[in-house]
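Written below as structure tokens is the structure these notes are about.
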Amino acid sequence: MAQGIESSMFNREVAFCRIYSKDAKEKLEKLFLNNRISYFIEWENRSFISKLLGSKEKNVFTIKINEEDVQRATELVKDMQSIKMRKKA
């Protein structure tokens, strides 16, 4: 397969948003599955300092999606308040 064709077949994965609860994560997963958006969930351990200070955030999930799906996914989640969108670079 030619280099140009091969590289155009795959798009980059980007950090789309952060979620802080399992319920919100499950809602987002169903939403993406129903709309055929591929995603990857990265679970983050809380830092020692956040544990020490008693941060309320028990779960932190970073959701990564294909950059080609960002616009469509943004429209789908615009009313979900439990999601913190990643800042664009």
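In what follows, every heavy atom counts, from backbone to side chain, and hydrogens, waters and symmetry copies are set aside.
- Shown here for Ile65 and Ala73, the closest heavy-atom pair between the two residues is CD1-CB, 3.7 Å.
- Qualifying side-chain contact (heavy atoms from CB on, under 4.5 Å) partners for Ser21, counting only residues two or more places apart in sequence or in other chains: Asp23, Ala24.
- Contact check on Glu75 versus Arg72 returns no salt bridge, with no Lys/Arg side-chain nitrogen under 4.0 Å from an Asp/Glu carboxylate oxygen.
- Residue Lys27 qualifies as open at atom NZ: its count of foreign heavy atoms under 6.0 Å is 12 or below.
- Between the CD atom of Glu13 and the NZ atom of Lys64 there is a distance of 5.5 Å, given to the nearest 0.5 Å.
- The same ILVMFWY cluster, assembled from side-chain heavy atoms under 4.5 Å apart, contains both Trp43 and Ile63.
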query = Taking it one step at a time, do Val77 and Met85 satisfy side-chain contact (heavy atoms from CB on, under 4.5 Å)?
reply = CA-CA 9 Å; Val77 303; Met85 299 298 292; 4.0 Å; yes
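- With hydrogens and angles ignored, the 3.5 Å screen pairs no side-chain donor or acceptor of Asn35 with any backbone N or O of Ile37.
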Notebook entry, point to check: After noting the C-alpha distance and the side-chain angles of Glu29 and Ile41, does the key distance pass the side-chain contact (heavy atoms from CB on, under 4.5 Å) rule?
Noted result: CA-CA 9 Å; Glu29 284 182 285; Ile41 300 174; 3.5 Å; yes
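- By the 4.5 Å heavy-atom criterion applied to side chains, Met80 and Leu31 are counted as neighbours.
- Taking OH of Tyr39 as the reference point, atom NZ of Lys25 lies at 7.5 Å (rounded to 0.5 Å).
- For the atom pair CZ of Phe16 and CZ of Phe32, the computed distance is 4.5 Å after rounding to the nearest 0.5 Å.
- The structure places CZ of Phe61 at 11.5 Å from CG of Leu28, a figure rounded to the nearest 0.5 Å.
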